[in-house]
Amino acid sequence: MRLVIFTEPQQGATHGDLVKVAQTAEAAGFDGFFRSDHYVAMGAPGEPGPTDAWVTLGALAVQTSRIRLGTLVTSATFRLPGPLAIAVAQVDEMSGGRVELGLGGGWFEREHTAYGIPFPTVGERFDRLEEQLEVVTGLWSTPAGRSFDFPGKHYQLIDSPALPKPVQSPRPPVIVGGHGKKRTPALAARFADEFNVPFAKIEDVAPTFERVRRAGAEIGRETPPAFSAAAVLCVGRDDAEVRRRAAAIGREVEEMRENGGIVGTPGEAVEAIQRYAEAGATRLFLQTLDLADLDHIELVASAVAPQV
């Protein structure tokens with residue numbers, strides 16, 4: 001199981017905070033450092049304010065050297081697909097080929113109204129997400145020297161030079177995720193290198209993966225995408241430390257456990273991670289909410305990661 005530190009900077013973090021977490025995760029041996037893509041905090045003041053996901057990752061590309069970098073997930077409502085493809089390819093070059101793009105339809109209406117971003121209906125958001133996936137992957141896969149055209153309903157590209165090209169070949173990995181039972185599995189089957197189930201009860205993980213496998217089989221995809229999951233992280237050396245860390249993020253220990261969190265002592269965390277592995281996940285995104293608690297990251301690296 002590959003382990004990723006996954007952060008939610010909209011809850012309150014400066015770029016300096018993110019640098020410390022990313023560099024700590026890299027030094028500790030984690031597979032990746034990912035961040036959410038939100039502009040408004042949820043249930044918290046969110047001070048000093050949001051940071052942009054791809055501005056952050058561009059900086060981290062040159063402030064780290066090994067760790068994978070990406071979004072879980074970039075909102076299709078925030079960006080046009082052509083400029084997004086350019087930005088991700090540029091960060092891929094800056095990082096030496098360490099970038100991954102998680103792309104979703106967007107769901108949090110308040111951040112859209114707060115910053116003047118159009119928020120279409122659910123159906124239109126899925127339609128736009130589908131076209132964005134077609135455009136981004138199409139631009140990256142267009143052979144050098146050829147142009148790319150796309151006559152979509154929401155996005156139209158004419159004679160695009162399809163540049164720059166990312167460093168990774170054939171492209172940076174694309175992650176699609178969610179709980180949807182129809183369109184989400186279908187999009188993952190068509191476009192995703194990895195499918196992610198975010199914050200689900202463990203008994204729901206394997207059936208969600210299976211829907212993606214079936215969607216792939218329906219279109220003749222022989223090899224399904226890799227499977228991963230995201231879960232809140234709250235690990236302590238003893239029960240008292242677990243409770244202290246839960247209180248620091250405003251959560252209850254039992255509630256997190258019931259909803260699939262990686263919660264408890266190192267031994268309990270190992271058991272929880274093994275259940276995700278048994279469900280078919282090969283990578284786990286550990287939602288780390290207290291970004292000042294670097295000891296938490298180091299504890300998981302030393303006492304949990306070697307056992308999974």
Side-chain angles (χ1 to χ4, degrees), residues 1-2 4 6-8 10-11 34-38 40 42-43 53 70-78 100-112 119-133 173-219 221 224-234 251 255-263 272-273 275-289:
M1 178 74 75
R2 295 180 295 150
V4 173
F6 170 50
T7 61
E8 303 269 8
Q10 78 279 355
Q11 299 300 98
F34 276 58
R35 59 156 293 164
S36 61
D37 189 17
H38 287 295
V40 169
M42 304 163 200
T71 50
L72 200 69
V73 293
T74 288
S75 175
T77 55
F78 292 172
E100 304 183 31
L101 171 63
L103 189 59
W107 62 271
F108 188 25
E109 184 174 9
R110 184 168 177 268
E111 65 189 341
H112 293 74
F119 188 69
T121 63
V122 173
E124 183 176 331
R125 294 201 304 274
F126 267 100
D127 291 343
R128 287 179 177 271
L129 173 60
E130 182 173 1
E131 288 193 15
Q132 289 218 4
L133 286 163
V174 172
I175 304 170
V176 173
H179 301 282
K181 296 184 178 181
K182 293 183 179 180
R183 294 196 70 177
T184 299
L187 290 176
R190 284 183 62 194
F191 298 105
D193 300 290
E194 180 172 323
F195 176 77
N196 181 269
V197 177
F199 310 111
K201 292 184 178 181
I202 188 63
E203 59 266 26
D204 296 329
V205 173
T208 306
F209 291 161
E210 182 57 30
R211 285 196 289 271
V212 175
R213 289 191 188 93
R214 289 200 301 268
E218 289 173 1
I219 62 171
R221 180 169 177 170
F227 292 120
S228 64
V232 65
L233 180 69
C234 186
R251 300 285 293 270
E255 172 267 320
M256 287 188 287
R257 282 188 174 129
E258 290 174 4
N259 289 289
I262 308 304
V263 181
I273 292 172
R275 288 195 287 273
Y276 280 97
E278 291 166 359
T282 59
R283 186 158 68 157
L284 191 59
F285 292 76
L286 303 172
Q287 186 193 44
T288 307
L289 296 173

Taking C-beta and beyond as the side chain, do Leu284 and Arg2 meet within less than 4.5 Å on heavy atoms?
-> no

Quick one: CG on Leu233 to CE on Met256, what's the gap to the nearest 0.5 Å?
-> 9.0 Å

Might you point out which heavy atoms bring Pro173 and Asp193 nearest each other, and give the distance in Å?
-> CA-OD2, 3.4 Å

State, yes or no, whether a side-chain contact exists between Arg183 and Val122 at a heavy-atom distance under 4.5 Å.
-> no

Here the pair of heavy atoms bringing Phe34 nearest to Val4 is CD1-CG1, 3.6 Å

In terms of the angle between their ring planes, are Phe195 and Phe227 parallel, tilted or perpendicular, with boundaries placed at 30° and 60°?
-> perpendicular

Can you check whether Leu286's main-chain N or O pairs, donor with acceptor, with Thr288's side chain at less than 3.5 Å?
-> yes

Where Val212 and Ala188 come nearest, the two heavy atoms and their spacing | CG1-CB, 4.1 Å

For Leu129 and Gly105, the nearest pair of non-hydrogen atoms, with its separation, is CD2-N, 3.7 Å

Counting N and O atoms only, with roles assigned by atom type, does the side chain of Gln11 sit under 3.5 Å from a partner on the main chain of Met42, one being a donor and the other an acceptor?
-> yes

Kindly say whether His38 contributes a backbone atom to a donor-acceptor pair with the side chain of Gln10 at under 3.5 angstrom?
-> no

Step by step, would you call Arg214 with Glu218 a salt bridge (Lys or Arg N to Asp or Glu O under 4.0 Å)?
-> CA-CA 6 Å; Arg214 289 200 301 268; Glu218 289 173 1; 5.8 Å; no

What's the spacing between Cys234 SG and Ile262 CD1 if we round to 0.5 Å?
-> 11.0 Å

Does the side chain of Leu103 reach to within under 4.5 Å of the side chain of Phe191, using non-hydrogen atoms?
-> no

Hey, what do you get for CG (Leu187) to NZ (Lys182), rounding to the nearest 0.5 Å?
-> 14.0 Å

Less than 4.5 Å apart, any side-chain heavy atom of Arg213 and any of Pro224?
-> yes

Please lay out, stage by stage, how Phe6 and Ser36 fare under the test side-chain contact (heavy atoms from CB on, under 4.5 Å).
-> CA-CA 8 Å; Phe6 170 50; Ser36 61; 4.2 Å; yes

OG-CD distance between Ser75 and Glu111, expressed to the nearest 0.5 angstrom | 6.5 Å

Within the side chain of Tyr276, is there an N or O that forms a donor-acceptor pair under 3.5 Å with the backbone of Val205?
-> no

Answer whether the closest heavy-atom distance between the side chains of Arg190 and Leu133 falls below 4.5 Å.
-> no

Distance, nearest 0.5 Å, that separates CG of Leu72 from CZ of Arg35 = 12.0 Å

Point-to-point distance, once rounded to the nearest 0.5 Å, from CZ of Phe209 to CG of Asp204 = 11.5 Å

For Phe119, is the NZ or CZ atom of Arg125 found under 6.0 angstrom from the centre of its six-membered ring and inside 45 degrees of the ring axis?
-> yes

Would you call Glu278 and Arg275 a salt bridge, taking side-chain N to carboxylate O under 4.0 Å as the test?
-> no

Mark yes or no for whether Arg221, through its side chain, and Ala189, through its backbone, hold a donor-acceptor pair below 3.5 Å.
-> yes

Verdict with reasoning, Arg283 to Ile175, per side-chain contact (heavy atoms from CB on, under 4.5 Å) | CA-CA 12 Å; Arg283 186 158 68 157; Ile175 304 170; 3.7 Å; yes

Side-chain heavy-atom pair His179, Pro198 within 4.5 angstrom cut-off = yes

Side chains of Arg128 and Thr77: does their closest heavy-atom pair fall under 4.5 Å?
-> no

What closest approach, in Å, do Thr282 and Ala226 show between heavy atoms, and which atom pair accounts for it?
-> OG1-CB, 4.2 Å

Would you mind reporting whether Leu101 and Thr71 have side-chain heavy atoms less than 4.5 Å apart?
-> yes

Which heavy-atom pair separates Ala231 from Gly260 by the least distance, and what is that distance?
-> CB-O, 3.3 Å

